[in-house]
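Inspection log for the structure reproduced underneath, given as structure tokens.
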There are 2 protein chains.
Amino acid sequence: MTTIRDVAERAGVGIGTVSRVLNGSQGVSNRTRERVERAIAALGYRPSPAARALSRGRASTIAVTAPFLTRPSVVERIRGVVAGLDASEYDLSLATVETPEQRQRRIVGLCQRDRADGAILISIPPTPDELETLRTVGVPVVVVDAVTEGLPCITIDNILGGRMATEHLLELGHTRIAFLGDAPDARFAFTSSDDRRAGYLAALADAGVDADPDLVVSGEHSREAAAELAGRLLDRPAPPTAIFTASDTQALGVLEAARARDLEVPGQLSVVGFDDIEIASFVGLTTVRQPLYETGRRAAELLLAVLEGTGPRTGARIDIPLTLVPRLTTGRPRTRATRRRPAH
Amino acid sequence: MTTIRDVAERAGVGIGTVSRVLNGSQGVSNRTRERVERAIAALGYRPSPAARALSRGRASTIAVTAPFLTRPSVVERIRGVVAGLDASEYDLSLATVETPEQRQRRIVGLCQRDRADGAILISIPPTPDELETLRTVGVPVVVVDAVTEGLPCITIDNILGGRMATEHLLELGHTRIAFLGDAPDARFAFTSSDDRRAGYLAALADAGVDADPDLVVSGEHSREAAAELAGRLLDRPAPPTAIFTASDTQALGVLEAARARDLEVPGQLSVVGFDDIEIASFVGLTTVRQPLYETGRRAAELLLAVLEGTGPRTGARIDIPLTLVPRLTTGRPRTRATRRRPAH
DNA sequence: GCGTAGGTTGGAACCGCTTCCATTTGGAAG
DNA sequence: CTTCCAAATGGAAGCGGTTCCAACCTACGC
């Protein structure tokens with residue numbers, strides 16, 4: 001393995017000079033610089049990242065932490081981060097957390113100044129404890145798809161998103177609208193499903209429609225669980241005419257349940273999802289679009305800015321706009337369904 | 001930042017002893033070990049990864065290189081790798097390559113002994129040049145979804161897979177079977193699509209069915225491109241009664257094209273995909289299943305074994321078995337279609 | 001011709017850990 | 001109470017960079 005000393009010797013200069021050339025520091029004459037560059041090329045020299053990290057006290061690595069690589073939305077965000085980091089000199093260290101211990105381990109791991117220079121937390125807001133630790137150590141962090149007081153966050157207005165979906169259904173004439181979301185997860189403080197539900201409830205209230213608590217259900221975030229849940233909803237004596245789900249994945253589950261019951265969509269059941277994952281357009285799913293890739297990319301750019309000294313270290317909150325994408329799974333309710341709602 | 005020296009001082013021992021405790025080396029009395037452990041806990045000490053890496057000459061990092069995070073199959077493999085690495089002490093450094101320069105940069109990057117201790121190459125077989133470099137430096141590499149002479153590979157028999165899909169269609173009575181695959185990509189030497197086509201041709205030949213060269217098409221690996229391609233296939237005067245695609249993603253495109261033409265599936269058109277990605281079951285897509293997650297996990301385990309000294313450094317090739325999963329997109333061809341084939 | 005400021009340059013010190021070697025310690029055996 | 005061996009321990013050296021300071025040029029102004 002060739003070291004900086006080999007290069008120095010070959011170029012007939014001191015190691016300090018080689019280092020200066022490597023880092024583009026000024027104070028090196030052109031002639032010397034060229035000589036050194038030639039030596040570097042001739043030797044095929046590449047500086048050792050570890051030695052650099054140790055000496056500079058920074059790792060040139062950014063840690064990305066995310067839950068569940070099974071979720072298309074998370075993957076799409078990571079894609080954005082990868083893209084945003086691509087042109088930079090930073091490596092990307094990926095870790096997923098699926099259990100509290102992993103989470104702990106990972107966050108603590110961030111607190112070694114020379115393991116990662118910064119971190120992007122996807123969908124995992126740190127607990128107050130963890131936040132405190134992070135702050136003490138001073139690792140810059142950007143949070144995506146979650147809000148954490150005092151940290152820059154790239155997020156969306158989930159409440160608004162919930163409203164948008166629900167209002168779309170209300171405008172079509174639905175009144176028996178169900179909400180199918182994530183069960184509260186003790187392990188992680190995910191809030192987006194809850195917020196979307198809040199938006200749903202608010203929209204109903206604004207429209208003067210009584211929310212039927214029986215139409216609000218939640219379960220594991222998966223197609224299968226959603227199908228099961230939706231099935232029970234649809235098998236009720238007074239089934240909903242529309243279902244708004246906290247994610248596209250769950251919307252697919254709802255569609256499965258409808259299909260299993262030979263229900264026409266949107267004739268007998270309208271479905272609205274959330275996220276606009278890739279497959280949504282294939283399925284023709286009406287959904288609330290959030291620019292997933294974009295959030296990842298912007299998070300990376302923001303973190304890079306912070307690391308460069310520009311950019312906010314605290315509290316900036318970037319809200320990414322949402323769009324309702326009407327496709328084929330929503331339409332006016334059948335009269336039969338409308339009849340069900342007693343006019344009082 | 002607390003260092004090993006702080007710990008040593010606090011525990012009243014030498015730094016060597018602390019290091020020994022940290023690494024679980026023997027030669028430390030129980031009493032001393034406990035004292036050191038107490039000091040470590042009290043100080044909240046965590047060793048610096050960079051210093052460790054420099055001193056040990058290894059980085060405790062494994063580099064994962066993959067193309068296109070847009071492909072579900074790639075993501076699923078990465079998931080497997082993440083899982084396989086989870087219990088280990090290794091960090092995972094992720095890079096995607098979408099252009100030849102990125103590829104070059106990345107592979108060269110691997111050649112710094114203390115950046116990564118090993119690498120997993122997903123779907124990207126190194127070129128002979130790159131292979132030579134890798135070998136010279138001695139970084140252990142495991143290749144997934146590609147075959148590289150002299151490197152351990154986790155792969156599947158793509159030719160067989162192509163056969164399986166085609167034979168399934170032949171058994172159902174199809175004879176006008178099209179193949180829709182990837183266009184040869186100059187940037188990467190992907191071969192799986194070609195191999196699957198080879199299997200398709202072989203199966204046809206074995207069945208005594210003449211392959212119609214017009215029924216073999218290829219294009220960019222995307223749903224949209226596949227839909228376009230399939231459209232042209234279906235708009236022919238003598239359209240195929242079945243289409244076998246090199247991936248599920250492309251099969252979805254075919255289904256879109258069929259839907260756009262109001263063709264019944266499988267009544268008027270049978271479709272077989274490849275991979276069995278998550279969404280395949282939702283769509284009811286008949287496909288050739290390969291355990292994507294599994295390949296990633298096994299690659300990680302294999303690499304870990306190599307790093308530990310057990311495990312082959314060269315040429316072992318692990319073939320993962322395939323399964324045909326018949327679902328709803330394949331069936332007997334309509335007579336109309338069968339009639340088209342002249343019996344000579 | 002000489003002092004001097006500014007541009008170059010060399011290399012020691014240091015980053016925090018592992019490792020190896022020399023030294024100390026603790027006992028068991030004689 | 002020695003003697004001796006193995007176990008335990010301390011710490012210097014070294015990993016390969018960066019950085020800072022001192023030393024060395026060089027050319028310019030007087």
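Quick note on labels: first sequence line is chain A, next is B, and so on, each numbered from 1.
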Judged by atom type as modelled, is there a donor-acceptor pair below 3.5 Å linking the side chain of Thr65(A) to the main-chain atoms of Ala95(A)?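 Side chain of Thr65(A) to backbone of Ala95(A), a donor-acceptor pair under 3.5 Å: no, none is there.
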Within less than 4.0 Å of OP1 or OP2 of dT9(D), is there a side-chain N or O belonging to Thr32(B)?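 Yes, Thr32(B) has a side-chain N/O under 4.0 Å of OP1/OP2 on dT9(D).
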Taking only side-chain N and O atoms of Ser29(B), does any of them lie within less than 4.0 angstrom of OP1 or OP2 on dA8(D)?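 It does not, given that no N or O in the side chain of Ser29(B) lies less than 4.0 Å from OP1 or OP2 of dA8(D).
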Rounded to whole angstrom units, what separation is found between the [atom1] atom of [X] and the [atom2] atom of [N]?
X: Asp6(A); N: dG11(C); atom1: CG; atom2: P; result: 15 Å
X: Asn30(B); N: dG26(C); atom1: CG; atom2: C1'; result: 15 Å
X: Gln26(B); N: dA7(D); atom1: CD; atom2: C1'; result: 10 Å
X: Leu54(B); N: dC14(C); atom1: CG; atom2: C1'; result: 12 Å
X: Arg115(A); N: dC17(C); atom1: CZ; atom2: C1'; result: 14 Å
X: Met1(B); N: dC14(C); atom1: CE; atom2: C1'; result: 15 Å
X: Arg31(B); N: dG26(C); atom1: CZ; atom2: C1'; result: 11 Å
X: Arg46(A); N: dG17(D); atom1: CZ; atom2: P; result: 12 Å

Classify every nucleotide of nucleotides 18-24 of chain C by which part a protein heavy atom approaches to under 4.0 Å, writing B for the base, S for the sugar-phosphate alone and - for neither, in 5'-to-3' order. BBB----
Quick test of your reading of the model: are Asp86(B) and Arg105(A) salt-bridged, counting only N-O distances below 4.0 Å?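 Counted as a salt bridge, because a side-chain N and a carboxylate O are separated by less than 4.0 Å.
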So, are Arg77(A) and Asp145(A) salt-bridged, with charged N and O less than 4.0 Å apart?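 Salt bridge present between Arg77(A) and Asp145(A).
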Can you check salt bridge (charged side-chain N to carboxylate O under 4.0 Å, His left out) on Arg79(B) and Glu76(B), steps first, answer last? CA-CA 5 Å; Arg79(B) 258 191 70 216; Glu76(B) 198 60 17; 2.6 Å; yes
Within the 4.0 Å heavy-atom criterion, would you say Gly57(B) contacts the bases, only the backbone, or no part of the nucleic acid?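 The residue Gly57(B) makes no contact with any strand.
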Pick one: which of Leu85(A), Leu92(A), Val81(A) meets side-chain contact (heavy atoms from CB on, under 4.5 Å) with Ile62(A)?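 The residue from Leu85(A), Leu92(A), Val81(A) that satisfies side-chain contact (heavy atoms from CB on, under 4.5 Å) with Ile62(A) turns out to be Leu85(A).
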Ile122(A), Val142(A), Val147(A) screened by side-chain contact (heavy atoms from CB on, under 4.5 Å) with Ile154(A), the one that passes: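 Result for side-chain contact (heavy atoms from CB on, under 4.5 Å) with Ile154(A): Val142(A).
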Which residue lies more 5' along DNA chain D, comparing Asp114(B) with Arg35(B) via nearest heavy atoms: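 First, find each residue's nearest nucleotide; the 5'-ward one identifies Arg35(B).
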Residues two or more places apart in sequence or in another chain: which of them pass ring pair (Phe, Tyr, Trp, His ring centres under 6.0 Å) with Tyr293(B)?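 For Tyr293(B) there are no ring pair (Phe, Tyr, Trp, His ring centres under 6.0 Å) partners, ignoring immediate neighbours.
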Which of these nucleotides, dG16(D), dG10(C), dG10(D), is closest to any side-chain atom of Val13(A)?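 The listed nucleotide nearest to Val13(A)'s side chain is dG10(C).
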